[in-house]
Each structure stands twice: as structure tokens, then as C-alpha cells.
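The structure displayed is predicted, hence computed values, not measured ones. Below, all heavy atoms of this structure are taken into account, side chains as well, without hydrogens, waters or symmetry copies.
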Amino acid sequence: MHSSNARYGDPWYDALASGWGEAGGARVPAASVPPARGDGAREAVAAADVYLEVQRSAAFQEVRSRYRRFVVPAVAGFFVWYIVYVVTATTAPGLMARPVVGAVNVAMLAGLGQFLTTFLLTWAYARHARLRRDRAALELRWDTQELTRGARGGAM
């Protein structure tokens with residue numbers, strides 16, 4: 001079922017680690033890394049300028065702003081909820097020991113609420129990132145790579 005001549009669409013498939021995935025166990029020497037073109041220090045400065053330019057861009061600031069608008073209130077809300085839980089558990093043990101249903105008391109429900117809140121925040125963060133930041137961040141990454149490649153004198 002497996003053809004030894006099968007080619008994959010993955011460009012990294014041809015650059016496998018030595019001894020991994022070669023047909024018949026043949027050891028193929030790794031391709032050498034091409035030498036850097038031009039002055040390495042000049043290229044590093046040019047790449048650093050690209051990253052600074054991207055960091056100052058409106059698109060980058062918008063991604064950061066969207067991140068902060070979600071994370072800061074979420075962290076503040078969860079922290080307040082956690083502190084209320086801990087303070088109530090230490091200052092009002094009678095309230096926390098009050099039974100709700102059978103052997104389940106207020107403290108158990110609040111503790112489970114902490115776990116539930118953690119999972120809900122994780123889900124909300126992943127959803128927010130997927131819907132409001134991932135595409136813009138991926139576009140920024142692509143643009144940055146293209147600009148960096150241009151600053152280094154083309155593809156290596």
C-alpha cells in the first residue's frame with residue numbers, strides 16, 4: 001500500500017532528519033545550509049528595522065489592543081472571583097459549611113465554580129483569539145517574513 005516513490009506536498013519532507021523516513025533505511029546526507037549573503041551585521045540591523053516597523057504599524061497595534069481588551073478584564077474578573085472565594089472561605093466558615101444538597105455545601109460549589117470558570121475562560125479566550133486575532137496576526141507574520149526576506153536580499 002505504501003509506495004517508496006510517494007511524494008508529499010510538505011516542502012520539509014525532503015529535509016528529513018538522518019535515519020528517519022528514508023526508503024529502505026538508506027542514510028541520505030543532510031542538505032548543507034547555504035552561506036549567508038553579504039554582511040551579517042547589516043542584515044541583522046535591516047531585519048530589526050523590519051520588526052520595529054511592524055511593531056509600530058496600525059495593524060500590530062490593533063491586534064495588541066484586541067488582545068488586551070479581552071485579557072485584562074478576564075484576568076481582573078477571575079482574580080476578584082478567586083479572592084472573594086478565598087476570603088469568604090477564611091472569614092465566613094459557617095457560610096461555606098452551609099449544606100446545599102445532601103453532603104454538598106457552599107464551599108464545594110464555589111470550589112467547583114473555580115474550575116468551571118477556568119474552563120469557560122479558556123474556551124472564551126480560544127474563541128476570541130480564533131475570531132478576532134488569529135487572521136490578523138497571521139497576516140502580520142506573513143508580511144513580516146516577506147519584509148525580512150526582502151531586507152536580507154531575497155530568499156535564501
Side-chain angles (χ1 to χ4, degrees), residues 1-3 6-23 25 30-31 33 36 40-41 43-152 155-156:
M1 315 267 175
H2 181 290
S3 169
R7 299 280 304 178
Y8 297 98
D10 185 2
W12 293 103
Y13 184 76
D14 292 332
L16 292 172
S18 178
W20 287 87
E22 288 86 7
V33 176
E43 289 174 5
V45 169
D49 290 341
V50 166
Y51 285 103
L52 287 173
E53 179 184 337
V54 169
Q55 185 179 11
R56 292 180 186 126
S57 72
F60 181 81
Q61 295 304 322
E62 179 62 25
V63 170
R64 297 265 313 223
S65 175
R66 288 177 185 177
Y67 171 78
R68 287 184 184 130
R69 281 194 306 255
F70 179 85
V71 169
V72 170
V75 167
F78 185 80
F79 185 70
V80 167
W81 160 227
Y82 176 73
I83 294 300
V84 166
Y85 169 70
V86 170
V87 168
T88 305
T90 56
T91 60
L95 171 67
M96 297 299 267
R98 183 175 295 160
V100 176
V101 176
V104 177
N105 60 21
V106 174
M108 290 173 137
L109 289 179
L112 290 173
Q114 289 288 313
F115 284 105
L116 179 63
T117 305
T118 301
F119 292 124
L120 286 174
L121 275 175
T122 302
W123 170 80
Y125 176 81
R127 183 175 188 275
H128 181 269
R130 186 181 71 245
L131 295 177
R132 298 214 167 77
R133 293 191 325 266
D134 285 353
R135 182 177 305 274
L138 193 58
E139 289 172 5
L140 274 171
R141 180 179 177 194
W142 182 260
D143 293 344
T144 303
Q145 289 175 350
E146 290 296 315
L147 289 170
T148 303
R149 186 175 293 125
R152 291 182 178 156
M156 289 190 178

* Is there side-chain contact between S65 and R69, with heavy atoms separated by less than 4.5 Å? -> yes
* Structure fact -> Nearest heavy-atom contact between T88 and V84 is OG1-O, 2.6 Å
Can you list, pair by pair, the side-chain donor-acceptor contacts under 3.5 Å of residues 104-121, counting residues two or more places apart and other chains?
unit_1 : atom_1 : unit_2 : atom_2 : d
N105   : OD1    : A107   : N      : 3.2
N105   : OD1    : M108   : N      : 2.8
T117   : OG1    : W81    : NE1    : 3.1
T117   : OG1    : G113   : O      : 2.6
T118   : OG1    : Q114   : O      : 2.9

* To do: Please check if atom CZ in F78 has more than 12 non-hydrogen atoms from other residues, nucleotides or ligands closer than 6.0 Å.
  => yes
* Asked: For R98 and L95, what are the C-alpha separation, side-chain angles and deciding distance, and is it a side-chain contact (heavy atoms from CB on, under 4.5 Å)?
  -> CA-CA 5 Å; R98 183 175 295 160; L95 171 67; 3.8 Å; yes
* **Inter-residue atom distance E53.CD - D143.CG, 0.5 Å rounding** => 10.0 Å
Check residues 129-136 and write down every donor-acceptor pair under 3.5 Å in which the side-chain atom is one partner and the other belongs to a residue at least two apart or another chain.
unit_1 : atom_1 : unit_2 : atom_2 : d
R133   : NH1    : H128   : ND1    : 2.8
R133   : NH2    : Y125   : OH     : 3.0

* **Over all atoms of both residues, closest heavy-atom pair of A137 and V63** => N-CG2, 4.1 Å
* Would you please classify the geometry between the Y82 ring and the Y85 ring as parallel, tilted or perpendicular, with 30° and 60° separating the classes? => tilted
